[in-house]
Number of protein chains: 2
Amino acid sequence: MDFSKISLFSGISDDSCCAMYDCFGVTTQLFHPGQTVYEYGVDQNLVGIVLSGEAVLLRLDRDGEETVLENLDENSVFGQMLAFSGSMTDRVWVRCEKAAEVAFIPYDQITKRCEKACAHHSHLVENMFSLMQQKAVRLSERIEVLSRRTIREKIWSYLQIQKTLNGKDDFALPFSYSALADYICTDRSAMMREKAKMEKEGLFSADGRNIHLKDEG
Amino acid sequence: MDFSKISLFSGISDDSCCAMYDCFGVTTQLFHPGQTVYEYGVDQNLVGIVLSGEAVLLRLDRDGEETVLENLDENSVFGQMLAFSGSMTDRVWVRCEKAAEVAFIPYDQITKRCEKACAHHSHLVENMFSLMQQKAVRLSERIEVLSRRTIREKIWSYLQIQKTLNGKDDFALPFSYSALADYICTDRSAMMREKAKMEKEGLFSADGRNIHLKDEG
DNA sequence: AAATATATGTTGCAATTGCAACAAAAGGCG
DNA sequence: CGCCTTTTGTTGCAATTGCAACATATATTT
């Protein structure tokens with residue numbers, strides 16, 4: 001197995017990874033589209049890593065609405081520890097979207113010091129912290145966008161964040177406009193209307209999903 | 001010093017805490033209201049713990065607007081690792097509100113295994129994970145509220161979460177209505193208008209900050 | 001106790017938004 | 001290619017919302 005691309009193991013030599021892999025009692029499993037990969041509240045003590053394929057983190061609302069909380073692609077990590085849990089009354093689970101291979105690590109193996117004294121354990125802990133922090137940053141980014149009161153401000157805020165992430169005024173949206181409307185939690189048509197207005201006012205130009213921010217942005 | 005109330009050290013004996021305290025090179029500092037306690041991006045390698053008093057985590061917007069990202073009361077933990085960082089272009093810092101004592105721990109002392117092999121180190125790591133998770137949960141809760149499209153749905157969603165947290169249909173709001181309006185990111189007067197409407201329709205009753213949810217809620 | 005600040009409650013009005021209903025374009029798939 | 005699904009783009013209209021401007025009540029400070 002190639003550990004170098006898995007963020008949880010980044011910076012750790014393949015040899016050490018193999019040792020830990022055995023030491024920790026890691027299991028891997030194949031999933032078909034539609035299958036439930038992980039159920040929050042049930043599989044409490046596992047951390048999951050998507051080795052290949054795609055999955056989504058879903059929430060079933062009180063009102064029966066399914067919401068995508070997160071897209072989990074290759075190398076994504078999920079589990080109670082990296083929780084999105086929200087109000088515990090709703091069902092939250094990971095569903096396979098495209099045939100996927102997933103590794104599961106018992107959570108306490110990560111936190112506790114390994115009895116067999118695996119080297120690099122503290123590095124693993126650091127990586128885990130880093131992953132959790134990244135998740136917190138992503139959540140904060142979304143709050144930053146959602147905290148704006150008007151659609152215009154939400155779009156603008158989102159574009160500013162993308163500008164920062166990409167480091168330049170030209171970049172491609174990471175997903176469709178429909179998905180963007182979901183992300184900023186507004187009506188798609190209303191968002192498109194505002195987008196058109198903003199383009200007309202010269203704030204930015206868009207060719208498909210390619211955005212070009214103008215001057216002051 | 002009394003460690004038993006500090007979440008980062010919970011479950012660890014006072015003796016062990018004292019040992020770690022020395023071992024980690026913890027420093028404590030007093031702050032007056034208005035003073036800057038911690039500057040994100042500058043004090044990168046420190047984790048802060050509010051031992052007494054109060055502080056707030058602030059963001060200075062591009063447009064010069066100060067936003068309260070988080071209230072930090074006794075035992076709150078903050079720092080780059082528990083980051084809220086958002087877009088790195090904005091200034092983010094912790095400001096003392098009420099005279100406070102704050103402890104700072106070098107971040108890498110928490111992740112790395114202590115050279116002097118302090119016992120209970122893995123417990124500390126667990127506590128740190130737990131704190132980060134709690135933060136993620138709090139962020140997710142807010143997203144859950146902010147993701148609603150109407151003020152009514154935002155209020156309702158917020159009350160449902162409070163109901164779950166309190167475990168009953170009667171509870172007190174943890175802050176003022178003004179603060180609630182900030183939290184759900186809507187105009188206060190519009191929120192009050194909707195609140196009045198919802199009360200009139202019998203969804204809940206409010207006596208000051210004491211909420212009583214009706215039946216179906 | 002008086003003075004000052006902060007929180008709560010209310011309303012009119014203009015602007016924004018969600019919703020519904022389209023039509024056209026682009027992608028995916030056998 | 002032709003069929004089907006998803007995405008994009010647009011508009012009218014009713015409902016919601018933000019904003020501004022109040023009045024009153026409750027805290028907090030001097």
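Everything numeric here is computed off the predicted structure, so don't read it as measured data. Naming convention: chains lettered A, B, ... in sequence-line order (proteins, then strands); numbering from 1 in each chain.
- Computed from coordinates, the Met192(A) CE to dT7(D) P distance equals 12 Å when rounded to whole Å.
- Note on Lys154(A): nothing from the nucleic acid sits closer than 4.0 angstrom, heavy atoms only.
- Protein chain B contacts DNA chain C from dA7(C) to dC19(C), reading 5' to 3' and using non-hydrogen atoms of the protein with a distance under 4.0 Å.
- Less than 4.0 Å separates DNA chain D from at least one heavy atom of each of the following residues of residues 176-187 of chain B: Thr186(B), Asp187(B).
- Contact check on Glu54(A) versus Lys98(A) returns a salt bridge, with a Lys/Arg side-chain nitrogen under 4.0 Å from an Asp/Glu carboxylate oxygen.
- The side-chain hydrogen bond (donor to acceptor under 3.5 Å, both in side chains) pairs that include a residue from residues 176-186 of chain A number zero, where partners must be two or more places apart or lie in different chains.
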Got a list of protein N/O to nucleotides 21-30 of chain D N/O distances below 3.5 Å?
none

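- The nearest heavy atom of DNA chain D to Arg209(A) and to Ala190(A) marks one nucleotide each, and the one closer to the 5' end goes with Arg209(A).
- Between Lys195(B) and Glu199(B), at least one side-chain N (NZ, or NE/NH1/NH2) sits under 4.0 Å from a carboxylate O, which counts as a salt bridge.
- A donor-acceptor contact under 3.5 angstrom links the side chains of Ser130(B) and Gln134(B), judged on distance only.
- Consecutive Watson-Crick or G-U pairs involving DNA chain D, each under 3.5 Å on both distances, make up stems of three or more pairs at C:1-30 with D:1-30.
- Put simply, the side chain of Ser10(B) never gets that close to the backbone of Ile6(B): no donor and acceptor are under 3.5 Å apart.
- At least one donor-acceptor pair closer than 3.5 Å links the side chain of Tyr38(A) to the backbone N or O of Leu46(A).
- Checking side-chain atoms of Asp187(A) against main-chain N and O of Ser189(A) turns up a donor-acceptor pair under 3.5 Å.
- Put simply, the side chain of Tyr40(A) never gets that close to the backbone of Arg91(A): no donor and acceptor are under 3.5 Å apart.
- Under a 3.5 Å cut-off, the side chain of Asp170(B) and the backbone N or O of Leu213(B) do not form any donor-acceptor pair.
- Look at Arg138(B) and Glu70(B) and you find a salt bridge, because one of the NZ, NE, NH1 or NH2 atoms lies within 4.0 Å of a carboxylate O, short of that distance.
- In this structure, the ring pair (Phe, Tyr, Trp, His ring centres under 6.0 Å) partners of Phe9(A), at least two apart in sequence or on a different chain, are Phe3(A).
- Look at CG on Asp207(A): it is 15 Å from C1' on dG9(D), rounded to the nearest Å.
- With respect to Glu97(B) and Arg95(B), a salt bridge is recorded, a charged nitrogen being found less than 4.0 Å from a carboxylate O.
- Using a distance-only test at 3.5 Å, with no hydrogens or angles considered, a donor-acceptor pair links the side chain of Gln35(A) to the main chain of His32(A).
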